[in-house]
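Working notes, beginning with the structure itself.
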Amino acid sequence: MTRPLNRNRSLEELEHGRWPDPSADDTRLVATALALRRRPIGELTVEDIRLLIRQDIGVSHLLPLALEVLRENPMAEGHMYEGDLLSAVLASKPSVWAEFPELGRELRVIVSKLTGLPPDLRQSAKRFLEP
């Protein structure tokens, strides 16, 4: 069963761990991810959620938020391309879906109804739907 979301807490608070501040040598991606871990999850944008899920950060807390977005708009996009949130979610590790089978079932329903997907996203969807 999915845990209730506490949208006022950051990933750092939810995961009970503070990561170090970015160093001068860190990339912009690393610095952004570190900053996003400190923001309340209820304030994260589609792009923020996409970026963090793609980097395998806070996935167990962010998947329910991602599914909320995908329920309304399966082709929601951050800053990359139409459907980039779905692409990030579909790329999540199988262990995530084992931990949250109800979210996996819901995503299967959403994905199975999609038509006309771009080739890369169609391949990701096919891999996700295969047993």
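Each of Asp56, Leu62, Val59 was checked for a side-chain contact (heavy atoms from CB on, under 4.5 Å) with Ser92, and the lone residue meeting it is Val59. Of the residues Arg39, Arg37, Arg38, the one that meets the salt bridge (charged side-chain N to carboxylate O under 4.0 Å, His left out) test with Asp48 is Arg39.
Residues Met80 and Leu44 do not share a hydrophobic cluster, clusters being chains of Ile/Leu/Val/Met/Phe/Trp/Tyr side chains in contact below 4.5 Å. A single hydrophobic cluster is seen to contain both Leu52 and Val30, as judged by linkage of ILVMFWY side chains at heavy-atom distances under 4.5 Å, directly or through other members. Under the 4.5 Å side-chain contact rule for hydrophobic residues, Val69 and Leu114 share a cluster.
Using a distance-only test at 3.5 Å, with no hydrogens or angles considered, no donor-acceptor pair links the side chain of Arg122 to the main chain of Gly116. At least one donor-acceptor pair closer than 3.5 Å links the side chain of Glu13 to the backbone N or O of Ser10.
Gly58 approaches Glu15 most closely through the heavy-atom pair CA-OE2, 3.2 Å. Of all heavy-atom pairs spanning Leu117 and Ala125, the tightest one is CD1-CB, 4.1 Å. The heavy-atom pair separating Leu86 from Pro74 by the smallest distance is CB-O, 3.6 Å. The shortest non-hydrogen separation linking Ile57 to Ala33 is CD1-CB, 3.8 Å. Closest of all the heavy-atom pairs between Ala76 and Val46 is CB-CG1, 4.5 Å.
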Go through Leu11 and Leu36 one step at a time and tell me if the side-chain contact (heavy atoms from CB on, under 4.5 Å) criterion holds.
CA-CA 8 Å; Leu11 288 173; Leu36 292 175; over 6 Å; no

Could you walk me through whether Tyr81 and Asp120 satisfy the side-chain contact (heavy atoms from CB on, under 4.5 Å) test, starting with their C-alpha distance in whole Å, then the side-chain angles of each, then the deciding distance to 0.1 Å, before giving a yes or no?
CA-CA 12 Å; Tyr81 53 88; Asp120 289 348; over 6 Å; no

Show, in sequence, the C-alpha distance, side-chain angles and deciding distance for Leu65 and Arg7, and conclude whether the side-chain contact (heavy atoms from CB on, under 4.5 Å) test is met.
CA-CA 9 Å; Leu65 293 175; Arg7 296 169 192 272; 3.0 Å; yes

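The shortest distance between side-chain heavy atoms of Gln123 and Arg127 falls below 4.5 Å. In this structure the side chain of Leu107 reaches within 4.5 angstrom of the side chain of Leu90, judged on heavy atoms. Residues Leu51 and Leu29 meet the side-chain proximity criterion, which asks for heavy atoms closer than 4.5 Å. With a 4.5 Å cut-off on side-chain heavy atoms, Trp97 and Glu99 do not count as touching. Taking the side chain as every heavy atom from C-beta outward, Leu121 and Met75 approach each other to under 4.5 Å.
Between atom CZ of residue Arg108 and atom CG of residue Leu129 there is a gap of 6.0 Å, rounded to the nearest 0.5 Å. Put simply, NE2 on His16 and CG on Leu14 are 7.5 Å apart, with the number rounded to the nearest 0.5 Å. For the atom pair CD1 (Ile110) and CD (Glu72), the distance works out to 9.5 Å, reported to the nearest 0.5 Å.
Checking Ser87 against Asp84 by side-chain atom types alone, no donor-acceptor pair falls below 3.5 Å.
At a threshold of 4.0 Å, the pair Arg50-Glu47 counts as salt-bridged, since one of the basic side-chain nitrogens sits closer than that to a carboxylate oxygen.
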